[in-house]
Amino acid sequence: MIVPNIPATATAPAPPATPAPALPSPAAGHAEGVSNDEFRAAMSRLASGVVLVTAQEPPLDPDDPHAPRGEDVGMTATAFVSVSLDPPLVLVSLREGSRMDDLLAEQPLWAVSVLSESQRHIAGRFAMKGRVSDRLLFEDIPYTRGEASGAPLVGGALATLECRTEQRVPSGDHTLVIGRVLTARVPSADGGPLAYFRGRYRQLG
């Protein structure tokens with residue numbers, strides 16, 4: 001009987017190549033597949049109240065009681081929420097590296113004015129980018145200075161709160177600042193709130 005000459009090790013034919021998984025296109029923006037534009041568009045459908053966050057820069061020489069005060073700084077915000085009733089805590093989201101983010105990293109006291117529907121001009125003014133100084137922005141706006149924070153409290157606001165930072169949480173390209181509420185006032189009961197929806201300031205009703 002003739003035994004065929006079979007190699008000691010036989011090699012199985014290679015399976016067909018499996019195509020590599022498709023990578024997200026550059027337009028996707030994130031590995032999960034949602035683009036910046038898609039995320040913005042979705043979140044713009046969430047109506048938000050509009051507030052003005054204010055703080056005063058520390059004096060140039062903290063040890064000298066007669067040293068000139070620092071400048072007042074303001075920032076329009078729509079990412080502002082109540083966090084806790086006991087203790088009373090609120091949260092504001094600040095763009096990382098913004099002037100207000102840098103200021104609140106060293107100044108623990110700040111304030112919030114809840115803007116009314118007639119204060120759209122204030123929201124637009126303090127939402128401008130690239131400004132050098134806020135001094136002129138406050139010039140024709142009536143305000144009082146908070147007793148607990150020293151920060152401007154806008155006249156005619158629906159409510160004002162003074163806060164002390166309890167915690168700063170870096171989160172993506174923003175900083176979440178959680179503050180304990182030191183004072184809360186409702187100086188005006190007239191008018192409705194200023195809202196922000198689909199990229200525009202709006203009134204209810």
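Numbers for residues simply follow the sequence, beginning at 1. Everything numeric here is computed off the predicted structure, so don't read it as measured data.
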side-chain contact (heavy atoms from CB on, under 4.5 Å) filter on Glu117, not counting sequence neighbours, yields Gln203

Residue pair Ser149 / Trp110, side-chain donor-acceptor N/O under 3.5 Å:
no

Show the atom names and distances, to 0.1 Å, of all donor-acceptor pairs under 3.5 Å that link a side chain in residues 79-90 to residues at least two apart or in another chain.
from	atom 1	to	atom 2	distance (Å)
Ser84	OG	Asp86	N	3.3
Ser84	OG	Pro87	O	2.7

Tell me, please, which residues at least two apart from Thr76 pass side chain to side chain donor-acceptor pair (under 3.5 Å).
none

Applying side chain to side chain donor-acceptor pair (under 3.5 Å), name anything that partners Arg168, two or more places apart in sequence or on another chain.
Asp101

Sequence neighbours left out, what passes side chain to side chain donor-acceptor pair (under 3.5 Å) with Ser98? Give chain and number order.
none

Who pairs with Pro108 by side-chain contact (heavy atoms from CB on, under 4.5 Å), at least two apart in sequence or on another chain?
Arg164

With rounding to the nearest 0.5 Å, note down the distance linking CG in Leu136 to CZ in Arg125.
9.5 Å

To which residues is Leu153 joined in a hydrophobic cluster, defined by side-chain heavy-atom contacts under 4.5 Å among Ile, Leu, Val, Met, Phe, Trp and Tyr, whether direct or through other members?
none

With Ala148 via side-chain contact (heavy atoms from CB on, under 4.5 Å) - residues at least two apart
Glu162, Leu182, Thr183

Residue set satisfying side chain to side chain donor-acceptor pair (under 3.5 Å) with Arg135, at least two apart, ordered chain then number -> Glu71

Residues 142-173 vs ring-ring contact (aromatic ring centres under 6.0 Å, His included), sequence neighbours excluded, gives Phe138-Tyr143

Under the rule for side-chain contact (heavy atoms from CB on, under 4.5 Å), what residues qualify as partners of Asp37, not counting sequence neighbours?
Ser35, Arg40

Can you name the salt bridge (charged side-chain N to carboxylate O under 4.0 Å, His left out) partners of Arg202, sequence neighbours left out?
none

